[in-house]
Amino acid sequence: MRRRSVLLAVPAGLVTLAGCGDDKSDTSKASDSSPSPSASGSSGAPAPKIVDGPLPAVTAGAKFGEKPTVAKGSGAASKDLAVKTLVAGNGKTVVENDYVVANYLGQVWDSAKVFDNSYDRGTALVIQLAQGSIIDGWRYALTGKKAGSRVEMAVPPTWGYGTQGNAQAGIKGTDTLVFVVDVVDTFNAKSSAKGKVVAQDDAALPKVGTNTDGAAPSIEIPKSAAPTKLVANYVIEGEGEVVKETESVLVQYKGVLWDTGKEFDSSYKNGQLVSFGLSQVVKGWSQGLTGKKVGSRVMISIPPALGYGDNPPQGSGIEKDSVLVFSVDILAKM
């Protein structure tokens, strides 16, 4: 059985200042305020037959990244899942259980009523293609596609919101939904930071490996005394947007104790990326990641006052007043 991350399991832990659910809880919470494809969970229906139509025409905004205008559905929608790649990308292939970064527009087949789109919000959706995290239509339609692709799909209720529909979005239990999805990127447990390697010249600070092959980086602890203040330095500097203290992030991480160098937690070992809001973390994480760029690897040395102090998580192997050292890859903003 996979060991649950210290980050998400402990009420006083790095991520949760109050109790938290499972590893996917922050991802779903990020979408609760809009009728996004994550709402209502999964139907649990059998795998659909995937067909290539019928699908309404995209009448404007046909390029990848442009907000599309989609015609009303003509005639009866297919009872199968209709999927068509409108623009073929050449990026990483999406695998089920990946986290995808996507812009999208969704509308009802019969009326062409747009019930949600990310283009107007100016923020792409980041969500896991996992059962229970997203409607099944997306899960089946996007698996196997490449980043950089634009995909159109017509999702019957069976693989959408089911017979209950989605009252918030004005979706009835009989509605077939049409989505146009731009797959911007995809991440999984083998994902790493991507950017410029930064020199680690201070011999009094931990040195973090710069490999980007998906394996956990090494963390070498110096023999000198630990700093008494927070240190958060780039190991690899990405080229993405700067993370704000109010935002949520998707990360890979590894944590060790300064005193012994012993690893106490790792998303690499758990085989599961972690998402969380910076408002949920202890101050060392929140302050250390705020202002850093997406795509970066950051070394954070956290003094006890900004970490667990005299109340470390039970069973974590962390002693009271421990200085913690982390390597954190900021993969995306949620």
Side-chain angles (χ1 to χ4, degrees), residues 24 27-62 66-87 94 96 100 102-121 123-145 149-183:
K24 301 170 190 170
T27 305
S28 59
K29 275 191 278 185
S31 301
D32 284 346
S33 60
S34 66
S36 74
S38 65
S40 300
S42 171
S43 67
K49 177 182 179 182
I50 297 179
V51 296
D52 59 7
L55 286 163
V58 175
T59 58
E66 293 181 339
K67 178 184 175 181
T69 300
V70 183
K72 179 181 175 181
S74 177
S78 174
K79 296 186 182 300
D80 299 315
L81 178 62
V83 181
K84 184 177 182 180
T85 299
L86 303 179
V87 177
V94 176
E96 187 172 355
V100 294
N103 280 303
Y104 67 95
L105 179 141
Q107 67 185 46
V108 177
W109 174 281
D110 287 333
S111 65
K113 175 190 173 185
V114 175
F115 56 83
D116 191 26
N117 86 89
S118 66
Y119 301 94
D120 289 347
R121 289 194 293 273
T123 303
L125 176 70
V126 182
I127 196 164
Q128 190 175 21
L129 285 188
Q131 188 173 24
S133 294
I134 195 167
I135 61 172
D136 284 340
W138 272 53
R139 189 161 61 92
Y140 289 112
L142 296 183
T143 295
K145 304 301 183 185
S149 296
R150 167 166 283 193
V151 180
E152 185 178 12
M153 65 184 86
V155 183
T158 301
W159 298 283
Y161 296 105
T163 56
Q164 75 273 19
N166 185 313
Q168 179 188 3
I171 297 169
K172 302 189 297 292
T174 56
D175 284 337
T176 290
L177 310 177
V178 178
F179 290 96
V180 174
V181 182
D182 288 337
V183 182

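These values consider heavy atoms only, across backbone and side chains, with no hydrogens, waters or symmetry-generated copies.
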Distance-only donor-acceptor check, side chains Y119 and D182, under 3.5 Å: yes
Under-4.0 Å salt bridge between D120 and K67: yes
Atom pair [atom1]/[atom2] of [X] and [Y] - distance to nearest 0.5 Å:
| X | Y | atom1 | atom2 | answer |
| --- | --- | --- | --- | --- |
| L105 | D116 | CG | CG | 8.0 Å |
| R150 | Y104 | CZ | OH | 14.5 Å |
| I50 | M153 | CD1 | CE | 9.5 Å |

Sequence neighbours excluded, which residues qualify as side chain to side chain contact (heavy atoms under 4.5 Å, CB included) partners of [X]?
| X | value |
| --- | --- |
| T123 | none |
| S74 | none |
| A167 | none |

Just so I know, are the side chains of [X] and [Y] near enough to count as touching, which here means a heavy-atom distance under 4.5 Å?
| X | Y | answer |
| --- | --- | --- |
| V70 | V180 | yes |
| T163 | P157 | no |
| L125 | P37 | yes |

F115/V108 under side chain to side chain contact (heavy atoms under 4.5 Å, CB included): CA gap, chis, key distance, verdict: CA-CA 7 Å; F115 56 83; V108 177; 4.1 Å; yes
Looking only at heavy atoms, what is the nearest atom pair of [X] and [Y], with distance?
| X | Y | value |
| --- | --- | --- |
| Q128 | S133 | O-CB, 3.5 Å |
| Q131 | R139 | N-CD, 3.6 Å |
| P56 | W109 | CD-CZ3, 3.6 Å |
| A71 | T59 | CB-CG2, 4.1 Å |
| D136 | A45 | OD2-N, 4.0 Å |

Which residues share a side-chain hydrogen bond (donor to acceptor under 3.5 Å, both in side chains) with N103, sequence neighbours left out: S118
Sub-6.0 Å ring centroid separation between W138 and F179: yes
Candidate pair V100 and V126, rule side chain to side chain contact (heavy atoms under 4.5 Å, CB included), full reasoning: CA-CA 6 Å; V100 294; V126 182; over 6 Å; no
Criterion salt bridge (charged side-chain N to carboxylate O under 4.0 Å, His left out) on D175 and K113, from CA distance to verdict: CA-CA 11 Å; D175 284 337; K113 175 190 173 185; over 6 Å; no
Show every donor-acceptor pair shorter than 3.5 Å between a side-chain atom in residues 75-87 and any protein atom, with sequence neighbours excluded, or say none if there are none.
| unit_1 | atom_1 | unit_2 | atom_2 | d |
| --- | --- | --- | --- | --- |
| S78 | OG | D80 | N | 2.9 |
| T85 | OG1 | K145 | NZ | 3.1 |

Side chain to side chain contact (heavy atoms under 4.5 Å, CB included) between L177 and I171, worked out: CA-CA 9 Å; L177 310 177; I171 297 169; 3.8 Å; yes
Intermediate values then yes/no, side chain to side chain contact (heavy atoms under 4.5 Å, CB included), E152 and V178: CA-CA 7 Å; E152 185 178 12; V178 178; 3.7 Å; yes
Listed partners of E66 passing salt bridge (charged side-chain N to carboxylate O under 4.0 Å, His left out), at least two apart: none
